[in-house]
Amino acid sequence: NSITAEEERWLQQHPITRVAVMKEWPPYNTIGKDGEHSGMHADIITEINRELGTQLVAVTFDSWSEAYQKAAEGEVDAIVGLSWSRARGEIFDYSQPYHFSPFQFVVRSGDALISTFDEMAGKVLWLLRGSVLEQTISNKYPEIELRFGDDYATIYQKLLAGEGDVVFSDIGHKMLPDGVTASADI
């Protein structure tokens, strides 16, 4: 058990800790037909509960933006998979990083691969709504039109329907839907 006295007190005051997760964000989160939460975040929650004797409980949300909002408002106690930024650091306390997932530019199969933001002038780039990268990309590359979706499944549908040129995604290559291709990791 490697928690501080302050963390121990917090856990005693919060015997059930509600953790925001997305319903469908493979390989991190998936909710099966039986309603069971599985994936990497489910495994981490299970291991923390086993190791610390806590009762972390996954609370599922349909979209990343909704999960983030509920965590920021305190309607849930924690959120998993949240990239750090200064602004977010004002709202949330972070654990040590437990996973790094590189980003890729994802295009329709057959389209030219994109490997840098400089290649995207005049193109439409999709991001998850609330992405930590939104402000950086819009400030540094104002010639890129940004669009936002609540989950990657919807964003990929938009890309495949021709409603944009590129998705900037941290979903691994093996998890991409048919009809799209990813660049090298960035």
Side-chain angles (χ1 to χ4, degrees), residues 1-104 106 126-137 148-157 167-177 185-186:
N1 186 329
S2 60
I3 62 174
T4 67
E6 181 181 358
E7 291 165 336
E8 181 72 35
R9 277 191 301 280
W10 190 93
L11 288 170
Q12 288 172 356
Q13 294 168 357
H14 301 84
I16 296 175
T17 304
R18 300 158 300 148
V19 181
V21 301
M22 278 183 52
K23 285 184 183 173
E24 291 301 320
W25 190 19
Y28 307 108
N29 300 305
T30 301
I31 305 300
K33 291 179 183 171
D34 59 1
E36 288 294 313
H37 176 221
S38 63
M40 188 173 97
H41 290 149
D43 294 343
I44 290 170
I45 289 170
T46 298
E47 184 60 21
I48 290 170
N49 284 338
R50 187 190 67 71
E51 184 71 24
L52 299 179
T54 54
Q55 192 173 354
L56 275 66
V57 177
V59 178
T60 58
F61 293 93
D62 291 323
S63 72
W64 175 249
S65 56
E66 181 185 16
Y68 178 87
Q69 180 182 351
K70 296 299 183 184
E73 292 171 353
E75 290 188 35
V76 292
D77 304 304
I79 186 170
V80 292
L82 184 65
S83 298
W84 181 88
S85 72
R86 274 191 204 100
R88 289 176 176 179
E90 297 292 320
I91 300 169
F92 299 104
D93 292 325
Y94 280 79
S95 68
Q96 291 297 314
Y98 57 87
H99 176 72
F100 173 74
S101 182
F103 278 81
Q104 309 95 28
V106 179
W126 283 92
L127 296 171
L128 275 179
R129 189 175 322 283
S131 170
V132 70
L133 301 169
E134 176 182 349
Q135 188 172 21
T136 300
I137 294 170
F148 305 95
D150 290 323
D151 59 74
Y152 279 121
T154 301
I155 290 172
Y156 287 128
Q157 288 173 357
V167 174
F168 200 49
S169 169
D170 65 343
I171 300 289
H173 294 281
K174 294 180 181 173
M175 304 306 292
L176 294 174
D185 294 343
I186 299 189

Q: Examine the side chains of Asn49 and Thr54 and answer whether a donor and an acceptor come within less than 3.5 Å of each other.
A: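 Judged by distance alone, the side chains do pair up.
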Q: Over 60° means perpendicular and under 30° means parallel, so classify the ring planes of Trp25 and Trp64, tilted if in between.
A: tilted
Q: Name all residues meeting the side chain to side chain donor-acceptor pair (under 3.5 Å) criterion together with Arg86; count only those two or more places apart in sequence or in a different chain, and write none if there are none.
A: none
Q: Check side-chain contact (heavy atoms from CB on, under 4.5 Å) between Thr60 and all other residues, then give those that pass, not counting sequence neighbours.
A: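 Thr60 satisfies side-chain contact (heavy atoms from CB on, under 4.5 Å) with Val21, Lys23, Ile31 only.
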Q: Which residues satisfy the ring pair (Phe, Tyr, Trp, His ring centres under 6.0 Å) test with Phe92, sequence neighbours excluded?
A: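 So Phe92 forms a ring pair (Phe, Tyr, Trp, His ring centres under 6.0 Å) with Tyr68.
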Q: For Ala58 and Ile45, work out which heavy atoms get closest and say how close.
A: CB-CD1, 4.4 Å
Q: Going by the rule side chain to side chain donor-acceptor pair (under 3.5 Å), which residues pair with Tyr94 if we only count those two or more places apart in sequence or in a different chain?
A: none
Q: Checking Asp43 now: which residues fulfil side chain to side chain donor-acceptor pair (under 3.5 Å) with it, not counting sequence neighbours?
A: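 For Asp43, no residue satisfies side chain to side chain donor-acceptor pair (under 3.5 Å) once neighbours in sequence are set aside.
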Q: With no hydrogens and no angle check, is any side-chain donor or acceptor of Glu73 less than 3.5 Å from a backbone partner on Lys70?
A: no
Q: Who are the salt bridge (Lys or Arg N to Asp or Glu O under 4.0 Å) partners of Asp151, not counting sequence neighbours?
A: none
Q: side-chain hydrogen bond (donor to acceptor under 3.5 Å, both in side chains): which pairs involve residues 30-39, sequence neighbours left out?
A: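 Listed by first then second residue: Asn29-His37.
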Q: Checking Glu66 now: which residues fulfil salt bridge (Lys or Arg N to Asp or Glu O under 4.0 Å) with it, not counting sequence neighbours?
A: none
Q: Should Asp77 and Thr17 be marked as a side-chain hydrogen bond (donor to acceptor under 3.5 Å, both in side chains) after you check the CA-CA gap, both sets of side-chain angles, and the distance that decides it?
A: CA-CA 6 Å; Asp77 304 304; Thr17 304; 4.9 Å; no
Q: For residues Val19 and Val80, report the shortest heavy-atom separation together with the two atoms involved.
A: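 Of all heavy-atom pairs spanning Val19 and Val80, the closest is CG1-CG1, 3.6 Å.
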Q: Name all residues meeting the side chain to side chain donor-acceptor pair (under 3.5 Å) criterion together with Thr46; count only those two or more places apart in sequence or in a different chain, and write none if there are none.
A: none
Q: Can you list everything that forms a salt bridge (Lys or Arg N to Asp or Glu O under 4.0 Å) with Arg88? Sequence neighbours excluded, please.
A: none
Q: Looking at every heavy atom in both Ser83 and Val132, which two are closest together, and how far apart are they?
A: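 Shortest heavy-atom separation between Ser83 and Val132 comes out as CB-CG1, 3.8 Å.
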Q: Applying salt bridge (Lys or Arg N to Asp or Glu O under 4.0 Å), name anything that partners Glu47, two or more places apart in sequence or on another chain.
A: Arg50
Q: Got a donor-acceptor contact below 3.5 angstrom from the Tyr98 side chain to the Gly81 backbone?
A: yes
Q: Checking the side chain of Gln104 only, and the main-chain atoms of Pro102 only, is there a donor and an acceptor separated by less than 3.5 Å?
A: yes
Q: List the atom of Ala20, the atom of Val76, and the distance in Å for their closest heavy-atom pair.
A: CB-CG2, 3.7 Å
Q: Between Ala78 and Ala71, what is the shortest heavy-atom contact and its length?
A: O-CB, 4.4 Å
Q: Taking side-chain contact (heavy atoms from CB on, under 4.5 Å) as the test, write out the residues that go with Gln157, two or more places apart.
A: none
Q: On a heavy-atom basis, which atom in Leu127 and which in Ile155 lie closest, and how many Å separate them?
A: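 In terms of heavy atoms, the two residues are closest at O-CD1, 3.4 Å.
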